[in-house]
> 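I have a structure here, written as structure tokens, and I will follow up with some questions on it.
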Amino acid sequence: METSEEQKYGVRRLEMSDKGKGFIELLQQLSVCDSVSDKEFEDRFRELSSLGDDHVICVIEDHVSKKIIATGSVFIEKKFLRNCGKVGHIEDVVVDSSTRGKQLGKKIINFLTDHARSMGCYKVILDCSIENKLFYEKCGFKQKEIQMVRYFV
């Protein structure tokens, strides 16, 4: 049976109306995220929605303030390796700075990990900062190899 705290902070998929609930402002706490027009949001939302379960963005909405206070995404990579296996890639996990410490990040990670498992992925991977390593270890992840990046802009 869910407690009132668990019901208050349920995880669900991103909806079109979430732009007006502070979704973009929440992403700005994570990384560079310029303003996004309503049309740009709608176009990208429809594009990602057309991918169905292969790209899922989830959110937690505070039902009192009607604001999005946590989010994350997972996309499914289809491979030839491992007998045409699948890998889940977790990205863009952020919890609003005013609501950290309430296990919301863990709820987001569990939702995304469960989704990847349900899609038949043999693993789920993510990149994180050194500061967030302990958090992800508490969520069951372990460090493997190193990350490399090459930016184009």
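Just so you know, residue 1 is the first one in the sequence shown, and it goes up from there. Please read these numbers as outputs of a predicted model, since none were measured by experiment.
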> Linking I/L/V/M/F/W/Y whenever any side-chain heavy atoms sit under 4.5 Å apart, do Ile109 and Val87 land together?
no

> If we ignore hydrogens and angles and just use 3.5 Å, is the side chain of Glu91 paired with the main-chain N or O of Gly72 as donor and acceptor?
no

> Is Leu30 reachable from Ile69 through a run of I, L, V, M, F, W or Y residues, each pair having side-chain heavy atoms under 4.5 Å apart?
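Unlinked, Ile69 and Leu30 end up in two clusters.
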
> side-chain contact (heavy atoms from CB on, under 4.5 Å) for Lys86 and Glu77? Distances and angles first, verdict last.
CA-CA 6 Å; Lys86 299 176 188 176; Glu77 176 189 8; over 6 Å; no

> Would you check if the side chain of Asp96 reaches a backbone N or O of Ser98 as a donor-acceptor pair within less than 3.5 Å?
yes

> Within the side chain of Gln29, is there an N or O that forms a donor-acceptor pair under 3.5 Å with the backbone of Leu26?
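No, because the side chain of Gln29 does not come within donor-acceptor range (under 3.5 Å) of the backbone of Leu26.
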
> For Lys21, I'd like to know if atom NZ has over 12 heavy atoms of other residues, nucleotides or ligands within 6.0 Å.
yes

> At what distance, to the nearest 0.5 angstrom, does CD1 of Ile68 lie from OG of Ser17?
7.5 Å

> Hydrophobic clusters here meaning ILVMFWY residues chained together by side-chain heavy-atom distances under 4.5 Å, can you tell me if Ile60 and Met16 are in one?
no

> Do you know which two heavy atoms are closest between Gly105 and Phe135, and how far apart they sit?
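Reported closest heavy-atom pair: C-CZ, 3.5 Å.
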
> With rounding to the nearest 0.5 Å, note down the distance linking NZ in Lys79 to OH in Tyr122.
5.0 Å

> For the pair Phe75 and Ile90, evaluate side-chain contact (heavy atoms from CB on, under 4.5 Å) and give the outcome as yes or no after the intermediate values.
CA-CA 7 Å; Phe75 70 90; Ile90 292 179; over 6 Å; no

> Is there a path from Tyr9 to Leu112 through hydrophobic residues (I, L, V, M, F, W, Y) whose side chains come within less than 4.5 Å of each other?
yes

> Examine the side chains of Asn110 and Thr113 and answer whether a donor and an acceptor come within less than 3.5 Å of each other.
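No, no side-chain donor-acceptor pair sits under 3.5 Å.
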
> Salt bridge or not for Arg12 and Asp18, using N-O below 4.0 Å?
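A salt bridge is present here (some side-chain N lies under 4.0 Å from a carboxylate O).
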
> So, Arg44 and Glu47, do they make that salt bridge, N to O below 4.0 Å?
yes

> Which atoms form the tightest heavy-atom contact between Gly88 and Ala116, and what is the distance?
CA-CB, 4.3 Å

> Less than 4.5 Å apart, side chain to side chain, heavy atoms only: is that true for Leu51 and Ser49?
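Counting from C-beta outward, Leu51 and Ser49 never come under 4.5 Å.
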
> Please determine if Lys19 and Asp38 form a salt bridge, counting it only when a charged side-chain N lies under 4.0 Å from a carboxylate O.
yes

> Hey, are Arg13 and Asp53 close enough for a salt bridge, meaning a charged N less than 4.0 Å from a carboxylate O?
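A salt bridge links Arg13 with Asp53.
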
> Set out, in order, the CA-CA distance, both residues' side-chain angles and the distance that settles side-chain contact (heavy atoms from CB on, under 4.5 Å) for Arg82 and Lys123, then state yes or no.
CA-CA 11 Å; Arg82 301 238 182 174; Lys123 71 178 178 179; over 6 Å; no

> If I take atom CD from residue Glu40 and atom OG from residue Ser35, how far apart are they, to the nearest 0.5 angstrom?
7.5 Å

> Measure from the side-chain N and O atoms of Gln28 to the backbone N and O of Cys33, and report whether any donor-acceptor pair falls under 3.5 Å.
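Side chain of Gln28 to backbone of Cys33, a donor-acceptor pair under 3.5 Å: yes, one is there.
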
> Would you say Ser118's side chain and His115's backbone share a donor-acceptor pair under 3.5 angstrom?
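Yes, because the side chain of Ser118 sits within donor-acceptor range (under 3.5 Å) of the backbone of His115.
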
> Does Thr71 form a side-chain contact (heavy atoms from CB on, under 4.5 Å) with Leu27? I'd like the steps, not just the answer.
CA-CA 8 Å; Thr71 188; Leu27 289 177; 3.9 Å; yes

> Please check if Leu104 and Val94 belong to a single hydrophobic cluster, counting links between Ile, Leu, Val, Met, Phe, Trp and Tyr side chain heavy atoms closer than 4.5 Å.
no

> To the nearest 0.5 angstrom, please state how far the CD1 atom of Ile108 sits from the CD1 atom of Ile57.
11.0 Å

> To the nearest 0.5 Å, tell me how far Asn132 CG sits from Glu137 CD.
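So the gap between those two atoms works out to 11.0 Å.
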
> For Leu126 and Cys128, which heavy atoms make the closest approach, and how far apart are they?
CD1-CB, 4.1 Å

> Any side-chain heavy atom of Lys67 sitting closer than 4.5 Å to one from Glu61?
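With C-beta onward as the side chain, the pair stays apart.
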
> Salt bridge check, Lys39 against Asp43: does any charged N sit closer than 4.0 Å to a carboxylate O?
yes

> Give me the atom names and distance for the closest heavy-atom approach of Ile24 to Phe41.
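That closest heavy-atom pairing would be CD1-CD1, 4.1 Å.
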
> Drop me the distance from Asp54's CG to Ile76's CD1, to the nearest 0.5 angstrom.
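Rounded to the nearest 0.5 Å, the CG-CD1 separation comes out at 6.5 Å.
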
